[in-house]
Q: 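Starting off with a structure, shown below.
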Amino acid sequence: MSETPQHLYLVDGSAYIFRAFFALPPMNREDGTPTNAVFGVTSMLLNLIERTDADHVAVIFDAKRQNFRNDIYPDYKGHRPDAPEELRPQFPIIREAVEALSLPYVEMEGFEADDLIATYAKQAAAAGAEVTVVSSDKDLMQLVDDHISMWDPMKNQVISYDQVMEKFGVGPDKVVDVQSLAGDSTDNVPGVPGIGIKTAAQLINEYGDLDTLLERASEIKQPKRRESLIEFAEQARISRQLVRLKDDVAVEVPIADLKRRAMDKDRLLTFLKENGFKRLIARVSDGSETGASASDAPAPPKPADASYDLVQDADALKAWIALAEKVGTVAVDTETTSLNQMQAELVGVSLSVEAGKACYIPLAHVAPGSAGDGDLLSTGDDAEVPKQMDKAEALALLKPMLEDPGILKIGQNIKYDAVVLAGEGVAVTPIDDTMLISFVLEGGMHGHGMDELSELHLDHKPIAFSEVAGKGKSQITFAEVPLDKARDYAAEDADITLRLWQALKPRLLEEKLVTVYETIERPLVPVLAMMEREGIKVDPTVLRSMSTDFGKRIADLETEIHKEAGRNFNVGSPKQLGEVLFDEMGLDSGRKTKTGAQSTSSDVLEPLRDAHPIVAKVLDWRMLSKLKSTYTDALMEDIHPRTGRVHTSYMMTGAQTGRLSSTDPNLQNIPIRTEEGRAIRKAFVAPSGSKLISLDYSQIELRLVAHVAGIEPLIQAFRDGQDIHAATASEVFGVPMADMTSDVRRKAKAINFGIIYGISAFGLANQIGVARGEAQAFIDRYFERFPGIRAYMDETVEYCRKHGRVETLFGRRIHIPTINDKNPMRRNYAERQSINAPIQGTAADIIKRAMIRIPKALEDAGLSDRVKMLLQVHDELVFEAPEGDTEAAIACIKAVMEGAAQPLLDLKVPLIVEAGTGDSWAEAH
DNA sequence: TAGATCACG
DNA sequence: GACGTACGTGATCTAC
């Protein structure tokens, strides 16, 4: 083998250090030396070398702070603070770590890591090697070309020409020119004032390059821009010198010396032991990726041992805020009067900055024993209102901290707190959410409520809400809880949240789930919070008249049913109804329920429609009662008194597959399948002058099946825009498309759905009303025609048996612990789940990715202040827009939705979105 | 509080 | 080879 590299991997080590230091909770080895950055860098490098095929590797670091750029511009990176005290002692240990991993450690006085990377990259590329630069630093993007690409380890994403184009609006060869104009506040590169990346890209595209632009600056039409460019031309040229990487450094280590060496396991293990990295030791010694469950960090005191502060004046609050600023991370929890976030009134806030250290800030407590409202007579001699800060004053102090981009706010289900605080005019950003981290790590294994997570990870049972507020009828609101009890409960919640974060957050990195969390879950929080606060307008008059109409018809039907039955009984009682229909009237009872009672469900009653007139009446009664109680009546109660709109709450951990669920009220199950039910959607309206827009993915799950199972005929049918169920029928039953009957198509449609659900002959037979043997024959023929589907199912189930989980195409994990259950019923069920979950979950990931991108896309289209995203119904998004903006909004949103799998995923089938508009949801869908 | 039923994707 | 079945949700009502 020759010494010329085939594939050179250049790792931007400095970036890794900072990333690890700030992302991981503090850790110390036995002698007290902090080790969190060491741990993070070691773990990341270990991941990296396990997955690359590179034959040459270097980990490259910045030397000391001064370099040639400071001679050009003394302020370069001038405002960067010194490395934090906790980080400084870790630098030499990180060097040891790199060496223990048998990787070359490269640094050079007077040069930044970026210059060394540029030099090696150019040299290797010139020699014909492929180069991968591992970094997410945009300053390195100027290097990208046919031979040099980047890998962003945080986003798990390749950065090549397209991504550079997306980021800078120009190709890699013009990145330097754009950066020279736009400047860079993080590196203190001045650029030209008033010019950002967008304008810079536009100018460079127009004039070709920086020099030409500066020469011809006087031709620019916009006066301000023209003057700025003329005045700051020299500053732009200086910026270019700062930004352009030096690719001809006389490197001390030749490329040949970067040849990858075999890992010295003993040396590595010695290093890991010295630093107490138990989890990495386990991983290196047996190669298993699950690792030990023991935490590497020493156990902090249990919450029970902690004592908490009550903050009752501005000075105390300022001290806590200063602490949060110093640490840079703070757990936040709000206490309110209601679980319903739109009705909730803020009662207090708790904060925690380190394990065991937390406070509670009461803001709206009332005298204990006094009812929160209505009790006007008993003011005088009641207990006093407890001492607490003025709410507005406290929020004014908290607001800058909660909105500070440099302070991470950690919450358990922080969407709730964000919605409540948004009601007080306070934004919460940036955020982390322990509930979501747990869901991403261990979805399917257990619930993700705080009490459960605390018992699981901290071995501590938190104070129950009912202990401080009571339960049942005598339950009081949190505002009435005495301050000492309120402090113990509320501060503990913040403390636990912080500890959970410390325990769980590092695992995202170790278990390669950072991308799912950071690109699909976390950024969705502000989007959903906004939708929930927006709500959708519901017209109560429509509901009221429907309710009256339904009420009459239900009463009439009830009379008739009682007459047919020969006695009065409660039609809504399945037990009584069963007795009447089957015992007294002698109808054929179909199934039994699992408790042994005779089932009266609609699929039992439906076939009996013709057996007796009472059956149809019962079915109608059922339908109308359902519609009245669950929809028309209940929905009127849910109209918010102040907004006149209905505000649902989305639960992000509600469905194992990654789908959202909707509660209070559930707006994801508003009727549509029957004419009567569909009418309820007429009550969901746009305000006058606006329209509702509904956009939904067409057949997204079936498209995903065609993709993952590689079913060529279906892929082709989707590409050709054919009726997919008819095309399936044609393939499976051999009927030419021209001769297709609705019955054959119906059967094919049922099989297609069956495939998504993990088909069984019994289930299919039930669904389409044929004998089980016939259903089995259909399935056999389907598998015969589309062998890919069999293979997909077998492989998926096999993978699940081995790992206890399945994955979506975006890497979301869905755990299915019962897959190896000895009970065959539970096991079969788990197998069907494992077939369905990747499909349903990938579809959920796709629409979430779309939702995250939509606010930005609307802003770019100049629509963001007028077009509002209101609802998500699994494969559908509902918006409200002024009448004149609907067309532009549809074009913008449709493009985002149809492209939402990109660039991470290149589907073999197109994603198609269908759109409609109208004055009501009934018209729009 | 569990079970049955039925609304949705 | 038996087990008893389509996947994922939430709200309402009855009956215990």
Side-chain angles (χ1 to χ4, degrees), chain A residues 444 569-578 591-606 618-619 621-635 637-638 648-651 653-674 676-678 680-681 696-697 699-702 705 750-768 772 775 779 806 814 816 821-841 843-844 847 871-876 925:
Chain A
F569 69 101
N570 184 347
V571 188
S573 161
K575 186 164 171 258
Q576 295 180 34
L577 181 64
R591 289 199 318 264
K592 293 268 168 74
T593 66
K594 59 184 160 209
T595 49
Q598 308 172 90
S599 173
T600 63
S601 72
S602 65
D603 43 314
V604 171
L605 296 190
E606 204 58 56
V618 167
L619 286 167
W621 184 97
R622 278 253 182 88
M623 178 182 75
L624 294 171
S625 309
K626 179 83 176 181
L627 294 177
K628 184 170 188 291
S629 68
T630 311
Y631 299 103
T632 58
D633 291 358
L635 223 37
E637 300 297 310
D638 289 318
T648 184
S649 173
Y650 290 101
M651 207 171 154
T653 55
Q656 314 287 7
T657 54
R659 270 192 180 180
L660 301 178
S661 72
S662 159
T663 58
D664 297 307
N666 181 356
L667 295 185
Q668 290 182 322
N669 71 347
I670 301 302
I672 192 167
R673 290 174 189 168
T674 66
E676 307 273 12
R678 199 187 174 89
I680 289 168
R681 294 188 173 221
D696 67 288
Y697 283 108
Q699 302 289 357
I700 186 168
E701 293 191 356
L702 205 49
V705 169
I751 307 176
N752 278 334
F753 275 100
I755 294 297
I756 295 171
Y757 297 152
I759 202 154
S760 75
F762 196 93
L764 180 64
N766 247 343
Q767 190 62 36
I768 59 176
R772 218 179 104 183
I779 296 170
V806 290
I814 298 132
I816 304 177
D821 201 296
K822 60 185 190 316
N823 176 328
M825 189 175 79
R826 280 201 291 270
R827 197 170 60 240
N828 287 343
Y829 177 41
E831 288 174 4
R832 293 194 300 273
Q833 287 179 304
S834 73
I835 290 165
N836 172 261
I839 309 295
Q840 192 182 109
I847 195 166
L871 301 178
Q872 190 250 41
V873 194
H874 309 309
D875 61 1
E876 175 189 9
H925 188 85

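Within every chain, numbering begins at 1; the chains are lettered A, B, ... in the order of the sequence lines, protein sequences first and strands thereafter.
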Q: Heavy atoms under 4.0 Å is the rule here; annotate nucleotides 9-16 of chain C 5' to 3' with B where the base is hit, S where only the sugar-phosphate is, and - elsewhere.
A: SBBSSSSS
Q: In whole Å, I'd like the distance from the CZ atom of R659(A) to the P atom of dG8(C).
A: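 R659(A) atom CZ is separated from dG8(C) atom P by 10 Å.
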Q: Measure the shortest side-chain to side-chain distance between L635(A) and L667(A) over non-hydrogen atoms and say whether it is less than 4.5 angstrom.
A: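 Of all side-chain heavy-atom pairs linking L667(A) with L635(A), at least one is under 4.5 Å.
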Q: Dot-bracket for DNA chain C: what is it, with Watson-Crick or G-U pairs under 3.5 Å, [ ] where a pair crosses earlier ones, and | for a pair to another strand?
A: ......|||||||||.
Q: Which is the 5'-most and which the 3'-most nucleotide of DNA chain B that has an atom under 4.0 Å from a heavy atom of chain A?
A: dG3(B) to dG9(B)
Q: Taking atom P in both dG3(B) and dT5(C), what distance in whole Å separates the two?
A: 15 Å
Q: Mind checking what makes salt bridge (Lys or Arg N to Asp or Glu O under 4.0 Å) contact with R772(A), not counting sequence neighbours?
A: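 R772(A) satisfies salt bridge (Lys or Arg N to Asp or Glu O under 4.0 Å) with no other residue.
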Q: R826(A) CZ to dA6(C) P: how many Å, rounded?
A: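 For the pair R826(A) CZ and dA6(C) P, the rounded distance is 16 Å.
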Q: Looking at every heavy atom in both L764(A) and A775(A), which two are closest together, and how far apart are they?
A: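 Nearest pair, atom of L764(A) first, then A775(A): CD2-O, 3.8 Å.
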Q: Any side-chain heavy-atom pair from H874(A) and Q872(A) closer than 4.5 angstrom?
A: yes
Q: Please identify each residue that fulfils salt bridge (Lys or Arg N to Asp or Glu O under 4.0 Å) with E701(A), with sequence neighbours left out.
A: R659(A)
Q: Just jot down the salt bridge (Lys or Arg N to Asp or Glu O under 4.0 Å) partners of K626(A), sequence neighbours excluded, or say none.
A: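 If we apply the salt bridge (Lys or Arg N to Asp or Glu O under 4.0 Å) test to K626(A), skipping adjacent residues, there are no hits.
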Q: Holding to ring pair (Phe, Tyr, Trp, His ring centres under 6.0 Å), I want the full list of residues that pass it with F753(A), two or more places apart in sequence or in another chain.
A: none
Q: Who are the side chain to side chain donor-acceptor pair (under 3.5 Å) partners of T648(A), not counting sequence neighbours?
A: S662(A)
Q: What's the separation between atom CZ in R681(A) and atom CD1 in I672(A), rounded to the nearest 0.5 Å?
A: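 One gets 4.0 Å once the value is rounded to the nearest 0.5 Å.
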Q: Can you check the D821(A) CG to dA2(C) C1' distance for me, whole Å?
A: 14 Å
Q: Rounded to whole Å, how long is the line connecting atom CD1 of I751(A) with atom P of dC7(C)?
A: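 My rounded result for the distance is 17 Å.
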Q: For DNA chain C, find the residues of residues 592-599 of chain A with a heavy-atom distance under 4.0 Å and give them by number; none if there aren't any.
A: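 Heavy-atom contacts with DNA chain C come from no residue of residues 592-599 of chain A; none.
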Q: Mind checking salt bridge (Lys or Arg N to Asp or Glu O under 4.0 Å) for R827(A) and listing every partner two or more places apart, or none if nothing turns up?
A: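 R827(A): no salt bridge (Lys or Arg N to Asp or Glu O under 4.0 Å) contacts found.
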Q: If we take the P atom in both dG4(C) and dA4(B), what is their distance in whole Å?
A: 15 Å
Q: What pairs with T593(A) under side chain to side chain donor-acceptor pair (under 3.5 Å), at least two apart in sequence or on another chain?
A: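 Testing T593(A) for side chain to side chain donor-acceptor pair (under 3.5 Å), a comparison that skips the adjacent residues, returns T595(A).
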Q: Using the side-chain hydrogen bond (donor to acceptor under 3.5 Å, both in side chains) rule, collect all pairs that involve residues 753-768 of chain A, keeping only residues at least two apart or in two chains.
A: none
Q: Do the side-chain N or O atoms of R832(A) get closer than 4.0 angstrom to the phosphate oxygens (OP1, OP2) of dA6(C)?
A: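 For dA6(C), OP1/OP2 do not have a side-chain N/O of R832(A) under 4.0 Å.
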Q: Nearest whole Å is fine: how far is dT5(C) P from N823(A) CG?
A: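 Taking CG of N823(A) and P of dT5(C), I get 11 Å after rounding.
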Q: Taking atom CG of D638(A) and atom CG of D633(A), what is their separation to the nearest 0.5 Å?
A: 11.5 Å
Q: For dA2(C) versus dC6(B), give the span between their P atoms, rounded off to a whole number of Å.
A: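 dA2(C) and dC6(B) have their P atoms separated by 34 Å.
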